[in-house]
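Position 1 is the first residue of the sequence, and the numbers go up from there.
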Amino acid sequence: MKNSEKQSQTNTAQPKAVKTNAKINIVEPAADAATELRELFIDSLKDIYWAENALVGALPKMAANASSAGLSSTILEHHAVTQLQVARLEQVFDLLGEKAEGKKCEAMAGLLKEGDSILQETVPGAVRDAGIIAASQKIEHYEIATYGTLVAFAKTLGENDAAKLLTQTLAEEKEADCLLNDIALNTVNVVAAE
Ligand SMILES: [Fe+2]
Ligand SMILES: [Fe+2]
């Protein structure tokens, strides 16, 4: 390749300059918008409470669609753990003197919808299993990010008992992610690639 060609290829990869006159809208807060970290913390707990309950409903379908016995049992075990996590969140609400209630988590609703699409887009067997693991790991990563934030909020607010409970759940989500990773790398992906 000539130097001039190299130069032109490099140039095409340059990002376009950001327009400095772009109109940026500052979002008006809703009437019930949080004004303090504690309110944001409680709103976020309601969000994950809805998400965990949605998972309790959705995980059996994921397990039933898995062909690998190891994957199916891992998902079912995490289903049992998820029910404990719902109860743990109720304990957290209790510690904070708040009523345990859910608020629709659009992110989890979207992740579960994507999980359903993956089932439709794959034939049963190792390829569908690889899809189920992909969808499940996106869910676990969302939960890891959420509980990481919740632990930090709880600690900042001096809610140490709540922080301990949320840390336990965070560890369970990380463990589920690791187990799914192992199944993918050691069996499912290998078979799916054959
Ligand atoms: Fe969970
Ligand atoms: Fe989870």
- request: Using atom types as modelled and distance alone, determine if a side-chain donor or acceptor of Ser72 lies under 3.5 Å from a backbone N or O of Ala63.
  value: yes
- request: Please round to the nearest 0.5 Å and tell me the distance separating atom OG1 of Thr187 and atom CG of Leu71.
  value: 8.0 Å
- request: Before giving the answer on side-chain contact (heavy atoms from CB on, under 4.5 Å), spell out for Leu95 and Leu165 the whole-Å C-alpha distance, their side-chain angles and the decisive distance to 0.1 Å.
  value: CA-CA 10 Å; Leu95 282 170; Leu165 290 169; 3.7 Å; yes
- prompt: Side chains of Tyr147 and Glu173: does their closest heavy-atom pair fall under 4.5 Å?
  reply: yes
message: For Lys164, is there an ion pair with Glu159 - N to carboxylate O distance below 4.0 angstrom?
response: no
- prompt: Should Trp50 and Lys103 count as side-chain neighbours, where that means a heavy-atom distance under 4.5 Å?
  reply: no
message: Run Leu112 and Ile139 through side-chain contact (heavy atoms from CB on, under 4.5 Å) and show every step you take.
response: CA-CA 8 Å; Leu112 289 173; Ile139 290 169; 3.9 Å; yes
task: Measure the spacing between CG of Asn181 and NZ of Lys174 and express it to the nearest 0.5 Å.
output: 14.0 Å
query: Between OG1 of Thr74 and CD1 of Ile133, what distance do you get to the nearest 0.5 Å?
result: 8.5 Å
field: Minimum side-chain heavy-atom gap Val56-His79 below 4.5 Å
entry: yes
- prompt: Can any side-chain N or O of Glu52 pair as donor or acceptor with the backbone N or O of Ile48 at less than 3.5 Å?
  reply: no
message: Within the 4.5 Å heavy-atom criterion, are Ile75 and Ile132 side-chain neighbours or not?
response: yes
field: Asp129 (side chain) donor-acceptor with Val188 (main chain) under 3.5 angstrom
entry: no
field: Backbone N/O of Leu185 and side chain of Asn189: donor-acceptor pair under 3.5 Å
entry: no
Nearest non-hydrogen partners of Ala126 and Val191, listed with the distance: CB-CG1, 3.7 Å
Gap separating the CG atom of Leu119 from the CG atom of Asn65, nearest 0.5 angstrom: 4.5 Å
message: Assigning hydrophobic clusters by single linkage (Ile, Leu, Val, Met, Phe, Trp, Tyr; side-chain heavy-atom cutoff under 4.5 Å), is Leu89 placed with Leu84?
response: no
- prompt: Under 4.5 Å between any side-chain heavy atoms of Tyr142 and Cys105, yes or no?
  reply: yes
- request: Could you verify whether a donor N or O on one side chain and an acceptor N or O on the other, from Ser136 and Glu140, lie under 3.5 Å apart?
  value: no
message: Test of understanding: clusters of I, L, V, M, F, W, Y form through side-chain heavy atoms closer than 4.5 Å, transitively. Do Leu179 and Leu59 belong to the same one?
response: no
task: Check Phe41 against Leu96 and note the closest heavy-atom contact, atom names and distance.
output: CE2-CD1, 3.6 Å
query: Is a salt bridge present between Arg38 and Glu36, judged by a nitrogen-to-oxygen distance below 4.0 Å?
result: no
Heavy-atom closest contact (Val92 atom, Ala162 atom, distance): CG1-CB, 4.0 Å
- line: Scanning both residues in full, the closest heavy-atom pair of Leu150 with Ser44 reads CD2-CB, 3.6 Å
His141 side, atom NE2; Glu143 side, atom CD - distance, nearest 0.5 Å: 11.0 Å
field: Cluster check Phe153, Ile144: I/L/V/M/F/W/Y, side chain < 4.5 angstrom
entry: yes
task: Determine the minimum heavy-atom distance between Ile118 and Ala135, stating which atoms define it.
output: CD1-CB, 4.0 Å
query: Can you check whether Gln85 reaches His78 side chain to side chain, under 4.5 Å on heavy atoms?
result: yes
task: Any chance you could lay out the side-chain contact (heavy atoms from CB on, under 4.5 Å) test for Glu101 and Phe93, step after step, and finish with the verdict?
output: CA-CA 9 Å; Glu101 58 182 6; Phe93 279 113; 5.8 Å; no
message: Rounded at 0.5 Å granularity, tell me how far CZ in Arg128 sits from CD in Gln120.
response: 9.0 Å
task: May I ask you to decide whether Lys61 forms a salt bridge with Asp116, counting only side-chain N to carboxylate O separations under 4.0 Å?
output: yes
- request: Give the minimum heavy-atom separation between Pro124 and Ser67, together with the two atoms involved.
  value: C-OG, 4.1 Å
